[in-house]
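This report refers to the structure that appears directly beneath it.
First the proteins, then the strands, lettered A, B, ... as listed; each starts at 1.
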Amino acid sequence: MMKNNETIYLKNRPKIIGSYSIVGPKEGKGNFGEYFDYVMKDDCFNEETYEKAERKMIETAIVGAIDKSRINPKDINMLIAGDLLNQIISSSYAARVFDFPYLGVYGACSTMAESMAVGAVMVDGQYFKNVVCCTASHFSTAERQYRFPLELGNQRPPAAQWTVTGAGSCVLSLSGEGPEISMVTFGKVIDYDIKDVNNMGAAMAPAAMDTMLNHFKNTKTSPDDYDLIVTGDLGKLGSEILIDLMEDKGIKLGINYGDCGQMYFTRSQNMMCGGSGCGCSATVFNSFIMKKLNEKKYKKVLFMPTGALLSTTATQQGDSIPGVCHAIVIESVKS
Amino acid sequence: MNREQRNLAYNKYVSAKIPKTKAWPSLFNSFWVGGLICCIGQGINDLILLFFPSISEQSAWAYTLVVLIFLASFLTGLGVYDKIGKFAGGGSIVPITGFSNSISSPAVEFKNEGIIYGMCVKMFTIAGPVIVAGIVSSVIVGFIYWIFLI
Amino acid sequence: MMFLDYLWVFLVGGTICMIGEILIIATNITSARILVLFELTGVFLEAIGVFSFVSDFAKAGINVPIVGFGASLARGVIGAVKTNGLLGIFSGGLMATAAGISAAVFFAYIFGLIFKAKTK
């Protein structure tokens, strides 16, 4: 049912019946290490190139999620996936091994929310019974595409973030057991004219603020109504900016607010401003947050990954970095 | 507040908020690593002149640079040079070894896309400007000098 | 006197690299820009005749940084103009630096074939 402009109330409340996460060795040593389903021994995953490794990670995550949801792969009606590479090749190439219809989505680092939101709407409308959503990113493939070759000896500026190597996948369905998606707020593309590619947190924070404000306004909720409000990969700097921006608008984000990127790595790993990439929010959501939801430790979670929709071509032509953010509300208790 | 003012205010706020590199340690590291690389170069040059006293000073320097370029290229292949670079910053970019690293690192990286369109094309993604700027500026200098000679 | 020589090399070389680091910290410029900037500085210094003055006591301290590469470009082109005239304008610069460029490309090719990029 559509009440307001951006927010959708899902009256059938699709359930997340299975989730799976797979990460690289460095991520496995991070703060969420024990929650991931699978930690790779090396980033190459027994493949020749990192692009192929990313593809295999997506395949593994999809198979894992279907396996955990205990439904027959024949009953999957749709696969929605995305990643960071040009022409989202990792997802599309991974999709060719499966016998499902496929939708490729791109929302940069917000892809997990985008695929889940689209999937949830499809399932809620009862056009599709079971939908798989998947996203992945890989440090080595993203680095060579967006920045410099791996072996180039240059320093990372202190606002830089580390692209997470990881893939997360989940199965949405109307039948079965699991936390329910109750609301979806689609975000607008917001651009506050940030041009520094090493400071994505600052570029995405206004988008997160805009979506968050719309969400609270449309649903008439406040931060206190949620057990956890989690943004995707704003990083240390970006999440501090978001807290400041929200304060300016009169909303105080308390201790129930966190950012996946900021929390991802331990202090000793020295990752500057934290993790980024679509694997960041995808793996945290499909491991840690899903586990807490299943245990009913969290009753209502606001999950809002943010994405910086830049490309090297646009930034080299002097364009600024637009951001986007989608919000999803997941509830573990029927209300 | 219109859009431009808003963006300007936000950019100002962000640049005040952004964490700064701890300047002193990285300046110190770049200083001693850079100095050390130059000393290694001087050592190689002295050794070459010691063992082959007949060659000219000019070609001894050329040999020295070739040796340094070889070492940097090798360390890049081993995956060590970027660690030095992370530590020393300018200290390992400014010497000729940094030039070598900027050619070798894309060569190692883009091998997977094939020898011709991967490695050979991408080899100059970072070092290309150095060669172009060098040639253009040398032609300009040569032209000015030629006019003075006439 | 050997020690004093190396001290000069260390001090001058270190200072040049530190200037590069200051630029990186202050303006966030990338390594390609740093290299071009220092190379052009070298061309300029050689063209106005300051380079050889510093090079006399700093030796590798100024020849190993990319400044020296720029200086040999300028030195080469000036020498070639003297001997070859107009053609020297186009041949001199690259001729003087051919060894360095060829070595960099050749070794990059060889090691590119041998090694594989590692994840950090």
Side-chain angles (χ1 to χ4, degrees), chain B residues 21 23 26-27 30-39 41-42 45 61-62 64-66 68-70 73-74 76-79 82 88-91 93-96 98-100 102-104 107-109 111 119 123 126-127 129-131 133-135 137-139 141-146 149, chain C residues 5-6 9-11 13-18 20-22 24-25 31-32 34-36 38-40 43 47 59-61 63-66 68-70 73-74 76-78 80-81 85-86 88-90 92-94 97 99-101 103-105 107-109 111-118 120:
Chain B
T21 315
S26 66
L27 285 186
S30 67
F31 179 76
W32 76 260
V33 174
L36 188 69
I37 292 174
C38 293
C39 282
Q42 184 65 45
N45 192 47
W61 276 121
T64 308
L65 293 187
V66 169
L68 282 174
I69 285 167
F70 169 80
S73 203
F74 184 62
T76 305
L78 286 180
D82 68 305
I93 292 174
V94 176
I96 195 82
F99 173 68
S100 174
S102 66
I103 293 191
S104 305
V108 174
E109 175 92 30
K111 179 171 58 165
M119 203 161 100
M123 213 182 249
I126 298 154
V130 179
I131 294 170
I135 291 175
S137 62
S138 80
V139 168
V141 168
F143 186 70
I144 295 170
Y145 195 77
W146 181 71
L149 274 189
Chain C
D5 272 358
Y6 276 83
V9 170
F10 183 78
L11 288 180
T15 309
I16 292 172
C17 295
M18 197 168 74
E21 179 69 13
I22 291 172
I24 294 175
I25 293 175
S31 57
I34 289 272
L35 287 173
V36 170
F38 275 77
E39 184 192 25
L40 293 180
V43 173
K59 293 186 178 137
N63 276 297
V64 169
I66 194 101
F69 186 79
L73 276 168
V77 83
I78 290 172
V81 168
L86 194 56
I89 297 175
F90 295 100
L94 272 187
T97 51
I101 294 177
V105 171
F107 292 133
Y109 185 80
F111 290 126
L113 285 180
I114 297 172
F115 292 108
K116 189 170 184 285
K118 287 161 204 69
K120 296 304 155 221

Anything under 30° is parallel, anything over 60° is perpendicular, the rest tilted; go ahead and classify C:F10 against B:F31.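 Aromatic pair C:F10/B:F31 classed perpendicular.
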Of all residues at least two apart in sequence or in a different chain, which pass the side chain to side chain donor-acceptor pair (under 3.5 Å) check with C:E39?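 Once residues adjacent in sequence are excluded, C:E39 has no partner under the side chain to side chain donor-acceptor pair (under 3.5 Å) criterion.
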Against chain C, work out which of [options] has the most heavy-atom pairs shorter than 4.5 Å and name it.
| options | answer |
| --- | --- |
| B:I93, B:V33, B:I37, B:T76 | B:I93 |
| B:S30, B:S104, B:A133 | B:S30 |
| B:V66, B:N45, B:T64, B:L36 | B:V66 |
| B:A62, B:G35, B:G91 | B:G35 |
| B:A107, B:S100, B:C39 | B:C39 |

Could you have a look at [options] and say which one has the most heavy-atom pairs with chain B under 4.5 angstrom?
| options | value |
| --- | --- |
| C:I114, C:T97, C:L86 | C:L86 |
| C:L94, C:I101, C:I66 | C:I66 |
| C:A103, C:G88, C:G20 | C:A103 |
| C:G68, C:A104, C:G93 | C:A104 |

For [X], is it the side chain, the backbone, both, or neither that has a heavy atom closer than 4.5 Å to a heavy atom of chain C?
| X | result |
| --- | --- |
| B:L65 | side chain |
| B:L27 | both |
| B:I144 | neither |
| B:W146 | both |
| B:A127 | neither |

Would you name the heavy atoms of [X] and [Y] that are closest together and state the gap between them?
| X | Y | result |
| --- | --- | --- |
| C:A117 | B:E109 | CB-OE1, 3.9 Å |
| C:A108 | B:I103 | CB-CG2, 3.5 Å |
| C:P65 | B:C38 | CD-SG, 3.7 Å |
| C:A74 | B:V141 | CB-CG1, 4.5 Å |
| B:S137 | C:V43 | OG-CG2, 3.5 Å |
| C:I25 | B:S26 | CD1-OG, 3.3 Å |

Side chain, backbone, both or neither: which part of [X] has a non-hydrogen atom closer than 4.5 Å to chain B?
| X | value |
| --- | --- |
| C:I24 | side chain |
| C:I34 | side chain |
| C:L40 | side chain |

Determine whether the aromatic ring centres of residues C:F111 and B:F74 are separated by less than 6.0 angstrom. yes
Once rounded to the nearest 0.5 Å, what's the spacing between atom CZ of C:F69 and atom CD1 of B:I96? 5.5 Å
Is a side-chain donor or acceptor of C:K116 paired with a backbone partner of B:K111 at a separation under 3.5 angstrom? no
List the steps, then state whether side-chain contact (heavy atoms from CB on, under 4.5 Å) holds for B:I126 with C:S31. CA-CA 8 Å; B:I126 298 154; C:S31 57; 4.2 Å; yes
Where do C:V77 and B:Y145 land on the side-chain contact (heavy atoms from CB on, under 4.5 Å) test, with the steps shown first? CA-CA 9 Å; C:V77 83; B:Y145 195 77; over 6 Å; no
